[in-house]
Visitor: 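Mind looking over this structure? Questions follow.
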Amino acid sequence: MGAEGWATIFSFEAKKLMTTFGQGGMVTTDDPALADRLRRLRTYGLSQEWGTNQQLTKIQAAVGLAQLGRLDEMNAARVARAHQRTRLLEGIGHLTLPPFLHGGQHVYYRYNLLVPGSWAGEGRDALMELLADDYGLGSIINDPPTYASHDYIRTHADGQTCPRAAWLAARLLCPCLHPLITEDEEREICAAIREATARVARSFEV
């Protein structure tokens, strides 16, 4: 795990596939010089350079080890729930569903749906609001281009844009997905998505 590239960075933030009581992360590398510098940086630079205190607490590490032991089980449950969702949402003409990967593995950190291009922005927002207000179903946009939501990056991007990424982000919504959602709860979620999408479609066809 994490052996690809110069370094691989893992986030253990609360919404990720495994967590460590909220925040945390890990870097793996096979470069001894980089590993040595990272150890210094996480401990105030060890008086050799600037650094911060970015160490996991012992409790966080214990939670992480317990979660790591269940990671395959929880990922399998997440995949099963995502596949059930895709089957239940099939046939909704106004939604593009995640593809099944042949010869690969998708762990569905997010379950991404795309609305039609004619709904971009306004229609997508209407669907998200309807799901939240009338069905109690939360969804997020994960992730728009960083310059669209981060003032510092936008200031330094000097007018540069990513048109394709922005276009997809305007059509994207990610309804909540969790490995502990039951099959019955998933059916309720999909019924809500199906009904809400039909309601938004009617309003856009008027």
Side-chain angles (χ1 to χ4, degrees), residues 1-46 50-89 97-113 128 131-132 135-144 146 149-150 172-190 192-193:
M1 180 176 67
E4 298 183 9
W6 180 45
T8 304
I9 301 173
F10 298 86
S11 171
F12 300 146
E13 187 265 343
K15 297 186 296 293
K16 299 301 169 60
L17 300 176
M18 60 171 282
T19 185
T20 53
F21 263 162
Q23 295 291 342
M26 177 175 70
V27 182
T28 60
T29 181
D30 59 1
D31 182 335
L34 176 61
D36 184 59
R37 186 171 188 211
L38 289 171
R39 292 187 187 100
R40 294 197 306 273
L41 290 174
R42 73 176 184 182
T43 316
Y44 299 112
L46 291 177
W50 289 108
T52 61
N53 183 16
Q54 298 290 345
Q55 301 181 72
L56 289 175
T57 66
K58 289 181 172 61
I59 291 177
Q60 286 180 298
V63 170
L65 286 172
Q67 293 239 324
L68 186 59
R70 299 185 60 205
L71 186 58
D72 288 343
E73 169 196 348
M74 297 298 281
N75 282 349
R78 182 185 293 270
V79 169
R81 199 56 57 239
H83 287 177
Q84 179 192 11
R85 180 172 297 183
T86 297
R87 290 191 296 270
L88 291 172
L89 294 180
L97 309 179
F100 285 108
L101 298 179
H102 300 287
Q105 178 63 63
H106 192 328
V107 293
Y108 298 94
Y109 164 57
R110 299 287 183 219
Y111 188 90
N112 301 321
L113 296 174
M128 292 178 68
L131 286 169
Y135 301 93
L137 179 60
S139 56
I140 63 172
I141 304 164
N142 190 235
D143 285 310
T146 52
S149 57
H150 196 297
L172 175 68
L173 69 151
C174 309
C176 63
L177 178 71
H178 193 276
L180 296 183
I181 290 175
T182 67
E183 291 188 14
D184 287 343
E185 289 169 338
E186 188 59 54
R187 280 189 280 269
E188 291 181 16
I189 289 170
C190 291
I193 294 173

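Residue numbers count from 1 along this sequence.
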Visitor: What's the separation between atom CZ in Arg40 and atom CZ in Arg42, rounded to the nearest 0.5 Å?
Guide: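 If I round to the nearest 0.5 Å, the distance is 12.0 Å.
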Visitor: Would you give the length of the straight line joining atom CE of Met128 to atom CD1 of Ile141, rounded to the nearest 0.5 angstrom?
Guide: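 Separation between the atoms: 4.5 Å.
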Visitor: Among all residues two or more places apart in sequence or in another chain, which pass the ring-ring contact (aromatic ring centres under 6.0 Å, His included) test with His106?
Guide: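 So His106 forms a ring-ring contact (aromatic ring centres under 6.0 Å, His included) with Tyr108.
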Visitor: Looking at every heavy atom in both Leu38 and Val27, which two are closest together, and how far apart are they?
Guide: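 Shortest heavy-atom contact: CD1-CG1, 3.6 Å.
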Visitor: State the CG-CE distance between Leu56 and Met26, to the nearest 0.5 angstrom.
Guide: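 Leu56 atom CG to Met26 atom CE measures 9.5 Å (nearest 0.5 Å).
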Visitor: What residues form a salt bridge (Lys or Arg N to Asp or Glu O under 4.0 Å) with Arg70, not counting sequence neighbours?
Guide: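 Arg70 satisfies salt bridge (Lys or Arg N to Asp or Glu O under 4.0 Å) with Glu73 only.
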Visitor: Checking Asp72 now: which residues fulfil salt bridge (Lys or Arg N to Asp or Glu O under 4.0 Å) with it, not counting sequence neighbours?
Guide: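 Once residues adjacent in sequence are excluded, Asp72 has no partner under the salt bridge (Lys or Arg N to Asp or Glu O under 4.0 Å) criterion.
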Visitor: Taking all atoms of both residues into account, what is the closest heavy-atom pair of Arg110 and Asn112, and its distance?
Guide: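 Minimum heavy-atom contact is CB-OD1, 3.5 Å.
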Visitor: Roughly how far apart are Phe10 CZ and Thr20 OG1, rounded to 0.5 Å?
Guide: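 One gets 13.5 Å once the value is rounded to the nearest 0.5 Å.
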Visitor: What pairs of residues pass the ring pair (Phe, Tyr, Trp, His ring centres under 6.0 Å) test when at least one of them lies in residues 60-80, not counting sequence neighbours?
Guide: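 Residue pairs passing ring pair (Phe, Tyr, Trp, His ring centres under 6.0 Å), neighbours aside: none found.
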Visitor: Counting only pairs under 3.5 Å, give me each side-chain donor-acceptor contact of residues 173-183, with atom names and distances, residues two or more places apart or in other chains.
Guide:
from: His178; atom 1: ND1; to: Leu180; atom 2: N; distance (Å): 3.0
from: Thr182; atom 1: OG1; to: Glu185; atom 2: N; distance (Å): 3.1
from: Thr182; atom 1: OG1; to: Glu185; atom 2: OE1; distance (Å): 3.3

Visitor: Restricting to salt bridge (Lys or Arg N to Asp or Glu O under 4.0 Å), what partner residues turn up for Arg87, sequence neighbours left out?
Guide: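 Salt bridge (Lys or Arg N to Asp or Glu O under 4.0 Å) check on Arg87 returns nothing, list empty.
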Visitor: So Asp184 and Arg187, salt bridge (charged side-chain N to carboxylate O under 4.0 Å, His left out) or not? Walk me through it.
Guide: CA-CA 5 Å; Asp184 287 343; Arg187 280 189 280 269; 2.4 Å; yes
